[in-house]
Amino acid sequence: MSDPHNPRPETGIELFDHRISRGTLLRGAAGTMLGMSPLLAAACGGGSTSSTGTSASTSAATPVKGGTLRAGFVGGGTAETLNLYQGVTPIDESRAQNLFDPLLVVNPDLTTGPGLALEFNANAAATEYEIKLRPGVEFHNGKTFGAEDVIYSMRLMAKSANFASVPFVAGINLKDLKAIDATTVKVPLLYPDADLGANFVYWNTWMVQNGEKDFTNPVGTGPFMFDTFKAGTQSTFKRNPNYWQTGKPYVDELLIQSIDDNNARLEALQSGQIDAMAQLPTADAKAHQATGDITVLVAKSPQAMMFYMDTTQAPFTDVRVRQAMKLIADRPALVASAINGFGSIGNDIVGKGLPFYDNSLPQRVQDIEQAKSLLKQAGQENLTVTLQTSPIFPGFVESATLLAQQAKDAGVTINLKQVPPSAYYNPSALYLKMAFAETQWPPPSIKFFYLQALSSKAPYNETHWKNTAWNDLLFKAIGETDQATAQQTWNQVQKIQYDQGGYINWTNADWVDGLSTKVKGLEPHPAGVLGNYLFMNAWLSG
Amino acid sequence: MSDAPAPVVQVVGLSLGLTTGDPVVEDVSFTVGAGQILGLVGESGSGKTTTALALLGYTRRGVELRGGSVSISGQPILGQGISNLRNLRGKVVSYVPQDPGGALNPSLRVGDAVMDVLRAHRAGAASLESVKASLERVELGADPRLPRRYPHQLSGGQQQRVTIAMACVCDPPVAVLDEPTTGLDVITQDRILAELARLRDDDGMAMVYVSHDLAVVAKMADRIVVMYAGRVVESGPADEVIERPRHPYTRALVSAIPDFRRPRALRGIPGVSVGVGEWPSGCAFVPRCRHAIGRCSESLPELSAATPDHSVRCIRWQELASDGAEPGDGRAAATAVEAEDEALLQVDHLEVEYRNGRRRNTVVHDVSFAIESGRCVALVGESGSGKTTIGRCLAGLHPPSGGRIVFDGSELAAFARNRPLAARRRIQIVFQNPFESLNPRHKVSSSIERPLRVLRGLSQGDSRTEVGELLDRAKLPRRVGDRFPIELSGGERQRVAIARALAAKPDLLICDEVTSALDVSVQAAVLELLSELQRDLRLSMLFITHNLGVVACVADSVLVMDRGSLRESGSVAQVLNAPADEYTRRLLSAAPCLPDGAYS
Amino acid sequence: MGRRLLGAAVSLLVASVLIFIGTSVLPGNAASVVLGRGATPAAVQKLEQQMHLNKPLTTQYTNWLGGFVHGDLGDSSIGLAQGQKHAPVWALISDPVKNSLILALITALFMIPLSLGLGALAAVYAGRPADHAISIMSLAAIALPEFVIGSLLVGVFFVWLDVLPPVAIIPPGQSPLSDPTKLILPVATLLLASLAAGIRMVRAGMVETLQAEYVMAARLNGLSERWVLWRYAMRNALAPSVQVLAQNLQWLIGGIIITETVFAYPGLGSLLVTAVGNRDLGVVQSVAMLIAVVYVMLNLVADLIVLLLVPKLREPA
Amino acid sequence: MTGRLRFMRSFSGAVGVTIVVFVVAVAIFGRYVAPYDPNVPVTVPLAPPSSHYWLGTDFLGRDVFSRLLYGGRSVITLAALATGLGYLIGMSVGLIAGFSRSRIDPVLMRSVDVMLAFPPLLFLLVLISGAGTGVEVLVIGVAVIQAPGISRIVRTATLEVSVRGYVEAAIARGERSYAVIVREVLPNIMAPVLVDSGLRFTYSILIIASVNFLGLGLQPPASDWALMISDNRQYIAIQAWAVLAPAAMIALLTIGINLTGDAIARSLGRSYVPKTARSAVI
């Protein structure tokens, strides 16, 4: 895995370099309470798994079996769903990840490993793949997992109602999918893609059984089996005794609890009503790292928090204004105050820690003088703009507030306009119409982010970026099978965004969660909250 | 009265005061013999009710006992513990309240209310039978379902009978009655009074009858105690006090009572009675007394015996005894105004109804009358007779549903705002309640100025001057103009209201029960003023009242109304002396009036 | 009574129109919410069609109201948007309704006797230390919004003393009564916030009644003080108090929305707040309508009790 | 002392007025003595109180004490605007209904009954979801919630006043309804209305704070007591002062207004029942 990118058919398993993390790609206005809590989605694996402060404990001890693990998440109300192809929130993800399995799994170091698939083998032009499946895996109802299930799953993902999974299979020629034998699938593509496997680690793409219809009683191959589900309240799952990862899971039962209010979720953890909570507010995390009464689980992640400027709306049509705004932001101060230091400093491009991320670009630092002179050149001294924000993610309103302060030094007045979370990503309301706003992306891969946000057909072109030459460059990078050439091309793609794009990425934020001290086995994971939802690893001591 | 029965009530040196310090009642003593009625008389603020309640060992919040003793049937009342008092109340001394509507528990059936009293004192005798028996005693036995009724289902008279039944059910030797007939119409009042007299005569119940109405007391009481500013100023046998009052206050009071049988010009008592906390060191009546001399203010006069049975608190009573009657001239002289023939106001077949949803309630039915220029027409009737509604129709405050009102030859529109300015100016109205007739937020001068500006279009400067003249006319000092109504007494306010009406230079003045909320001494003064104005300004007047005595004093002719219809009309002398209508006769016979020998 | 019933019906009808219009003009709808960032106009349109959002508003309204009157609360818009054939609102709200009712009833169970008792106590001892103590306490409590009161209670009873659970997580299908300690803080929050209003108004009513002529008359007739207080004062003070209490209970509905959120209590209030956020019109409309019904019913019941208490009102005017 | 200020003589009246004056003074003049810029982070977030930062810092590291000194004006202004607008609507309706004594009265009052059949918070939730957040929406929403209750009180008072002699005299003079209402009726219903308005004002503050709590109210970064409470609420276990201090100011204001209202009501000497903030709206 030293050379992560190149598919190497002969070694099979170790073909794929990076894995996509989990997280909400497509989060909507849905999902969150009216504003008190973030809709946090997961993001993708970045670098290290190191954690600041307290970390999940000793995997050295021998796991104890039995008991019920109760995990609290921000609820999604009646919008909660068991349909993994529609889910957008962490609580939906927590259920899907434990009911179903991916073709490829993400390791804590962001490499991929075999999941239900053992090999992804591409042809030379990277226009057709052959997937070898793991034999002998059983669904919860006893049926054996095989090629027809994969084909059914991929075609189901493409159904328009399953909007969350559609983009992942957009490059596949679904019509010509073919089962070569019970454990081999032929996957033809519509355009060259050097890294198809990366599309099938993200939870919206996991495997269901042939014939699955409405997900009211979902059957998967995952470590836990469906028991009960009450949207917006609670769901329960039983241990899958026949799980293919022998010995796991350790607990007999898994309980997922919706608790929207951050405070209430923390209090529930402290009072022993739940054993684990996703998304511990950073200020609380800091306080509890000091007291040590709960385990604070911190995982570095490439979750990008950004301000964005619409390049087609004045005054941001002028690249000098965009550059000036990038120079105004004091990123270290933003990270320290808005998210209490739980994140790394962003550098205006997305995907730090992911393959092909351009690490050679210099770190952007605040330069008020330069910003002022750029604004003067652009004739935009005493610029006044409105920044739209929302408490939809923790740190949004805080960072917007701070940025407005920082901008004063450059003579720029930023007025804040806060909208309710429910309206923020609503395309029929404001989303994609705002000139200056905040956004968050947890890209499963760099490829995915650029396809979704910046390519010529990108559905979520927040910055309204239009550049034909750049677009060609992007698809060249995607289809390039040579690792070094690919990196070069990707660097070009990213440099243009760094210099001219509309995104101001101020941080790659960590996942911060809280655990009861009796919960063992959950390790920080860059791909998602609570050790990437891998509850099969968790066990309860004492 | 010479062989007075043994006293059942003995009040000696009773003094009460506000907890904040000011005295309310000072050194009151009197006795009541068995089977006797003692009338306790005084104007508002005289301390009569406080004294009466002390007989039950009760003080209102903020009032405390300062000294003296009360004993009833030999049992001391004051200084008793609350549980002892509870046993005595209702059994030894009982209470009949002023407003029976408010004094009966609205959520209790009246039978149960009576039963509650029985239970409290004679648990053994508490039965439906005894309740019925006690109701029969007050002539409520006819309707067997009455005990199951709630207070609001009874008439005012029936309600008062129930409270009397409650006061009598345990056969206490003494009952305290606090203005028991004040809220009732005269006919009902007459019957209740007869009832009380019977209770005294048949059961030998002694009563302390508290009232401001000397005429009623004169009719009922064996003895009268007159109070002024918390002290007894005169007490004695009823007929003596009425016929030969010794104290200037009593004399003035008697003279101020309008009496339909003896029409005369009334003489009010100037000024207002002294309030608690304003008592002077000498005789409290000095500021209003026509006979006051320097000595009067020096020290408090002692209560001295005019006869063994009759005492008076005045240092000059002996000098004044020979002084004879207060000057009082006949009404005949005062009404020498020559009536003009043509009618200023003509009301034809007036019909008025009130609507409540779809229900219609006719309150005035086919009423016709006329008011000639310069004449005063009295409109008499009990409450609910429709008399006030007629006044409101004339003023343009309520639309008639039929008939017409012709004023000075032209028909008037229903609502004032649709009438020509001249008509609005020429008809003015003065309302019943002096405490609500002036805008408390405006100074007196501004209230009087308004009609000058609106109806007569005077400039600010002109109206200023005229306000002063109007205050003079209403016999108010000019400085009153700078006051707010809250700083004025009821009588003063009513004068201001009259001045406001006069400001328009009206030809017709409608007076709607203008004196019924005033003390009798103040009423006399206001009536005096109105008579004078009518004479001097040649006003025509519609005088609405329920008091026949007042009618006799002010009016030239009278209209008697009952339940919306006109029963009788004619000159005052004719209607009051030789009533043709049955209803008028009943009204006249029930109306309280002073005995023939009364002081005048 | 007939007129009151009619009035209540009219009120509800108008409320239903308001709710329907109010929820229908919300920008965005369940379709676009469910689709989120993935909502292309075509996809939204298709979903709207499935959810009958394309039909005339009047048709939607009559269908919804007709169903509601027959006990069919309709479908969750989110459920339909997710492709479910049936997503009955009733199935979603049956647990929350039960939980909220339990919370409200327990609160009422304490609130009614406490407001009456303390209010009467303060009135009987008006101007004395007991009255001042009650007044000051109640003033302090009404001065704060529920979420502050709730947070303070949690601070004291969980963070500091650690004797009571700070959240009330009730598993689906389980009754909140199975662990009553979880209810203590939510109930206490609601009580603290609502009791004061009740106490003060009962006190005011009682003070007025105690000054009534008939109370004085009863005392002057030698009736025992207890008899006077209960049969004369309390009985008549109760009528206005009933209306006060009904208002308090109505107000409780607002308080419950906040309190449930603070304590993560799975009731109607927290469901409503999320449903508004989710643009789940089906749920918002039905829950809002249910609340309006409860609201109007409370008025009606209060009127009925007052009718029983005040004989004067029983007759046609 | 004239009748107008008689209520000040009572202990509770004096205390109440003192408290209200204090809180309002802090709201108006506090900003001139604030040690720091309320919007600039001065040290680490959620720092505990110290000699430099008397009440510690908030979730962004801004000085709580300075924000407290700045934060009164907007919440008081907003609540006052909402209450004022509520009065404008409610008084117009109440005066017209009470004074006209015509067919319009039952119509208006039935509408008020219907409005009152709608839970206030529910109304706000629906309105805000529809119209979005914003100061105007909040002010209008709270005003609309308040208006029906106000119109009821005003109507009752108007009915009582408009049968008084001075009003009837004005009507009999043929004065225009507008003049009668303004000159004769309005000044005399002001007393109960004033007492009531204080309580409604505090209710406006409470409901604005509650709406903030649900995330639908005021917008940052304004320093505002209600906003401070909702912003810092989730950190109450870490830095309680950022919540307690503004909560205490709001509580003081509420208590002060209630005490003053009680005292005024008592000095009016009528059986006017002082309500409480929470019940005022119903």
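Lettering follows sequence order; numbering is per chain, from 1. Since the structure is predicted, the reported quantities are computational estimates derived from the model, not experimental observations.
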Which answer fits D/R183, side chain, backbone, both or neither, if we ask what part of it has an atom under 4.5 Å from a heavy atom of chain B?
both
Under a 4.5 Å cutoff for heavy-atom pairs, which residue among B/L421, B/D512, B/N439, B/I427 has the most contacts with chain D?
B/N439
If only atom types and distance count, is the side chain of B/R483 paired as donor or acceptor with the main-chain N or O of B/V444 below 3.5 Å?
no
Measure B/L438 against the heavy atoms of chain D and call it side chain, backbone, both or neither at under 4.5 Å.
backbone
Charged N-O contact under 4.0 Å between D/E184 and B/R450
no
Can you confirm whether B/L542 sits close enough to B/L345 that some side-chain heavy atom of one is under 4.5 Å from a side-chain heavy atom of the other?
no
Of the listed D/A169, D/A170, D/G174, the one with the largest count of heavy-atom pairs under 4.5 Å with chain B is D/G174
Is the Lys NZ or Arg CZ of D/R164 less than 6.0 Å from the centre of D/Y166's six-membered ring, within 45° of the axis?
no
Has B/N361 got a side-chain atom pairing as donor or acceptor with B/Y354's backbone, closer than 3.5 angstrom?
no
As an exercise: rank B/P440, B/A497, B/G396 by heavy-atom pairs under 4.5 Å with chain D and give me the winner.
B/P440
Heavy-atom pair count under 4.5 Å with chain D, highest-scoring of B/E487, B/R419, B/R500:
B/R500
